[in-house]
Amino acid sequence: MTIRRPLVRSELPDDTASLARTLIGKLVVRELPEGIASGRIVETEAYVAGDAAGHGYRGMTSRNRSLFLGPGHAYVYLAYGISYMLNVSSEMPGIGTGVLIRALEPLEGIAIMRLNRGIERLRDLARGPGKLAQALRIDRSLDGIDLCREGPLWLAIDDHQADDIGQGIRIGITKDADRPLRFYVRGSPFVSGTRSLNP
DNA sequence: TGAAAGATTACCT
DNA sequence: GGTAATCTTTCAG
């Protein structure tokens, strides 16, 4: 068991892009009936204020209301009818911005993740936003929960050393697609996307 | 009420 | 590297 504690809300930067960068190297902890599954965040994307690609861009709806709760809450939605996406809300209540968690390096509960994913290969357990949600069994029931408190799903910090962080364009979007708002750990095999996207 | 797009993944060649 | 699968949400009419 590694030494870790919940992330404190006042530690989260006000600015969404800064939050996306800050979350690299932090932990996502999932508490399940079978035990704890956790992973280190190796890839994020920021969906900032005034960003046409952001779900909060056109105001609050029944789906995206969690984005407007203020920093450190979970926004979970289903993409393409197949994959759940985990986001961390950012900035002040009512703004509607957030950070997508795109990939994790599995740490604890790897056997649980293998069962949830139905595959063996470590590298593919949480390499991609839909994959990590499946590995940690994240769905809409976790939408809106506070990630700065221990519970079914929370964010943690440990004594991990700072990573070498790369920055590039976001994956899989069409609007505002050229903005460099994706952050990743250089050299990590657990980052999604092709080699050319991760120099 | 209908249609279109979507922050993806898995499987094929 | 290309494409089908799959279904919810949102916006138009």
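So that the names make sense, note that chain A is the first sequence line, chain B the second, and so on, each numbered from 1. Note that this is a predicted model, so its numbers are computed, not measured.
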- Between A:E150 and A:R4, does at least one N-O distance fall below 4.0 Å, as a salt bridge requires? no
- Item | Separation of atom CG in A:D143 from atom P in C:dT8, rounded to whole Å | 15 Å
- How close or far is atom C1' of C:dT9 from atom OH of A:Y57, stated in whole angstroms? 18 Å
- Item | Nearest-Å distance for atom pair CZ/P, residues A:R127 and B:dA10 | 11 Å
- Query: A:R117 side chain N/O closer than 4.0 Å to the phosphate oxygens (OP1, OP2) of B:dA10?
  - Reply: yes
- Note on the structure: When both distances are under 3.5 Å in a Watson-Crick or G-U wobble arrangement, the nucleotide paired with B:dA7 is none
- Task: Go through residues 170-199 of chain A and report each residue with a non-hydrogen atom lying under 4.0 Å from DNA chain C, sorted by number.
- Result: none
- Task: Would you kindly compare A:V99 and A:Q134 by the position of their nearest DNA chain B nucleotide and give the one closer to the 5′ end?
- Result: A:V99
- Item | Rounded interatomic separation in angstrom, taking CD1 from A:I101 and C1' from B:dT8 | 17 Å
- Minimum-distance nucleotide (side-chain atoms of A:I82 versus B:dA7, C:dT8, C:dA5): C:dA5
- So does A:E11 pair up with A:R5, basic N to acidic O under 4.0 Å? yes
- Note on the structure: Out of B:dA10, C:dC11, B:dA7, minimum distance to the side chain of A:K131 belongs to B:dA10
- Item | Protein-nucleotide distance (A:I119, atom CD1; B:dT9, atom C1'), rounded to Å | 11 Å
- Of A:Y80 and A:R140, whose nearest nucleotide on DNA chain C comes first from the 5' end? A:Y80
- Message: Side-chain N or O of A:T61 versus OP1/OP2 of C:dT10: is the shortest distance under 4.0 Å?
- Response: yes
- Message: Against A:R170, only a single residue in A:D51, A:T44, A:D178 fulfils side chain to side chain donor-acceptor pair (under 3.5 Å); can you say which?
- Response: A:D51
- Taking only Lys NZ, Arg NE, NH1 and NH2, and the carboxylate oxygens of Asp or Glu, determine whether A:D163 and A:R40 approach each other closer than 4.0 Å. no
- Calculate the interatomic distance between A:Y77 atom OH and B:dA7 atom P; express it in whole Å. 5 Å
- Query: What is the distance, rounded to the nearest whole Å, between atom CG of A:D124 and atom P of B:dC11?
  - Reply: 11 Å
- Query: Of A:L142, A:L32, A:V29, which is the lone residue that meets side-chain contact (heavy atoms from CB on, under 4.5 Å) with A:L153?
  - Reply: A:L142
- Salt bridge check: are A:E34 and A:R137 linked by an N-O gap of less than 4.0 Å? yes
- Query: Atom CE of A:M85 to atom C1' of C:dT6: distance rounded to whole Å?
  - Reply: 13 Å
- Task: Would you check if the side chain of A:R102 reaches a backbone N or O of A:Y184 as a donor-acceptor pair within less than 3.5 Å?
- Result: no
- Identify the nucleotide, in any strand shown, that forms a Watson-Crick or G-U wobble pair with C:dT6, with both distances under 3.5 Å; if there is none, say none. none
- Task: Please determine if a side-chain N or O atom of A:R102 lies less than 4.0 Å away from the OP1 or OP2 oxygen of B:dT8.
- Result: yes
